[in-house]
Chemist: 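Please see the structure below; I have some questions.
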Amino acid sequence: MKYNELRYERIDVEKRRNSMNEYLEKFSNAESVDDQINAILDVNEQNKEYHSYAAMASLNFSRDINDEDAKAEKDYYDSIGPDMIEIGDSFEKAVDQSKYKDELSKKWGEKFLTDIEISLKTFDPKIKEMLKEETKLRNEYTKLTAGAKITYEGKEYNLAGLGPFHSNEDRTIRKASYEARFNWFSDNSEALDDIYDKLVKLRHRIATTLGYDNFIELGYMRMGRSDYGPNEVANFRKQIVDHVVPVVKKLVQKKKDILGLDHLFFYDGINFKEGDPKPKGSPDHLIKEAQVMYRELSNETGDFFDMMVEEELMDLVNRDGKRPGGFCTSFPKYDRPYIFSNFNGTDHDITVLTHEAGHAFQCYSSRNQPLLSYLWPTMEAAEIHSMSMEFFTWPWMQKFFKEETDRFKYKHIAGSLSFLPYGACVDHFQHWVYENPEATPKERNQKWLELESIYLPNRDYDDLHFPKTGGIWQGQLHIYQMPFYYIDYTLAQTCAFQFWIKNQQDSQKAWNDYVRLCNAGGSQSFTKLVSLAGLELPFNDGCLEKVVEHVSEWLDKIDPKEL
Ligand SMILES: [Zn+2]
């Protein structure tokens with residue numbers, strides 16, 4: 001069946017509430033653990049249905065934000081979200097008080113109950129209206145940024161469409177296109193500040209209503225983090241400052257030589273004088289090549305990717321009215337993932353494809369996990385699948401980049417390493433924001449600039465006014481949409497680099513470890529999944545240092561001028 005043939009419907013909240021009451025009764029009156037297990041599995045099926053339809057509604061709107069019908073469906077699912085959380089919450093409370101907890105834990109592992117404990121701490125009927133308000137504000141951000149119409153050189157672009165000019169080989173084009181981008185942000189900065197200010201204060205209020213000092217602890221629980229906290233994260237960020245920032249400084253120096261420039265400005269983001277490597281061929285051609293690649297990589301990935309193509313489970317190319325960004329979503333009722341992206345002719349198209357395919361492959365691999373909550377792991381674990389897939393597909397990059405393959409690889413590694421300080425900066429910023437919910441937009445921007453000087457000391461915006469005021473973070477959608485979802489990329493990158501190293505040493509073993517990790521889905525917590533995959537935990541002192549040493553050794557051996 002193709003994606004658009006999958007059945008979709010609006011579910012009825014009252015019906016759900018009634019059937020949940022029946023399950024609750026069954027569960028509470030159960031005279032054996034098996035009766036409780038059956039009730040849990042029934043609820044699980046209902047949840048799968050709800051999550052599938054909600055994901056479809058959201059996806060259809062992302063594919064065309066100007067489609068009124070799609071908007072109405074998405075609005076419907078947004079509006080019932082908090083009610084559905086409330087309905088689920090009542091059942092989770094009952095499970096949390098079950099007299100058969102030990103047996104349930106034996107059946108599904110301890111994560112089943114930990115997930116429920118965390119989930120219960122993030123909700124109370126008292127915050128229901130505030131959650132609705134939060135969704136509204138998040139949607140305002142999407143609407144504003146997805147609807148951006150930027151005139152550049154007489155033509156109109158959206159934010160993703162402008163992207164290729166930022167990495168043009170001509171410096172004046174790079175700078176002018178960034179000017180166009182930042183003029184749009186400057187024109188909309190008040191609106192963006194207003195949305196964020198409301199979000200921060202609202203999240204703070206939600207947290208204090210639930211009994212927390214501020215939003216941070218709640219934010220971590222919303223991310224489902226059960227086995228580490230802000231202290232571990234702060235220590236990890238410090239390791240990035242100590243071990244990665246100096247290497248990035250060296251890379252900047254190297255780039256000056258490559259580009260033949262005596263100073264690098266923010267808009268000199270390209271890696272080669274002639275511009276960054278570009279994928280060769282039309283999107284259709286690239287997808288055909290990807291299909292061959294996944295067949296050659298392994299049987300599992302071959303079957304998986306053929307299915308993605310045949311069942312039209314991907315929407316990859318940028319077009320007007322499409323929401324920016326790339327993501328993978330899933331319809332658990334149908335055991336199917338879906339990939340969304342905005343190809344725009346840059347090398348990013350290929351990394352997005354392999355990245356999102358990594359997510360989708362994991363989701364597909366864990367479709368036989370017994371519980372919906374085990375389908376996806378927490379995000380820092382999920383990003384291991386995606387970022388490692390970017391590396392596992394390296395032997396096939398020739399198909400996409402031809403004579404520019406080595407350049408792509410250099411850029412990929414240098415870029416992945418250089419990303420770490422930025423990721424830590426975004427994370428640090430958010431900790432400060434939620435510790436200081438009363439800060440003004442201006443103070444937030446000042447803080448951003450202060451953190452940039454620690455994590456990104458080489459950034460020089462030249463005379464680009466908007467980023468000089470400290471507002472550049474407004475373009476980072478996670479900050480608005482999913483607070484604290486960012487350090488995840490840096491933790492996962494540290495793990496993905498380990499897979500990259502392993503793959504060079506013993507590719508079969510590395511692949512087996514990877515597939516084992518994918519199959520486990522979300523059945524275990526982050527630290528346990530890392531050890532299941534045979535990787536070292538990024539929080540451990542020395543782990544990042546070792547990884548960086550290996551990566552920079554590889555980079556040192558390459559003279560980019562010869563590529
Ligand atoms: Zn991802």
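All ligand and atom numbering here is 1-based and tracks the order in the structure.
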Chemist: Sum up the protein N, O or S atoms located under 2.8 Å from the Zn ion (ligand 1).
Modeler: 4

Chemist: Is the ring centre of Y50 less than 6.0 Å from the ring centre of Y53?
Modeler: no

Chemist: Indicate yes or no for a side-chain donor-acceptor contact from N271 to the backbone of K411 under 3.5 Å, with no hydrogens or angles considered.
Modeler: no

Chemist: Give a yes or no on whether D320 atom CG has more than 12 heavy-atom contacts from other residues, nucleotides or ligands under 6.0 Å away.
Modeler: no

Chemist: Checking Q369 side chain against L375 main chain: does a donor-acceptor pair fall under 3.5 Å?
Modeler: no

Chemist: Under 6.0 Å from the ring centre and within 45 degrees of the ring axis: does the NZ or CZ of K402 meet both conditions for the six-membered ring of F408?
Modeler: no

Chemist: For D347 and K278: C-alpha separation, side-chain torsions, deciding distance, then whether salt bridge (charged side-chain N to carboxylate O under 4.0 Å, His left out) applies.
Modeler: CA-CA 5 Å; D347 60 301; K278 288 185 184 61; over 6 Å; no

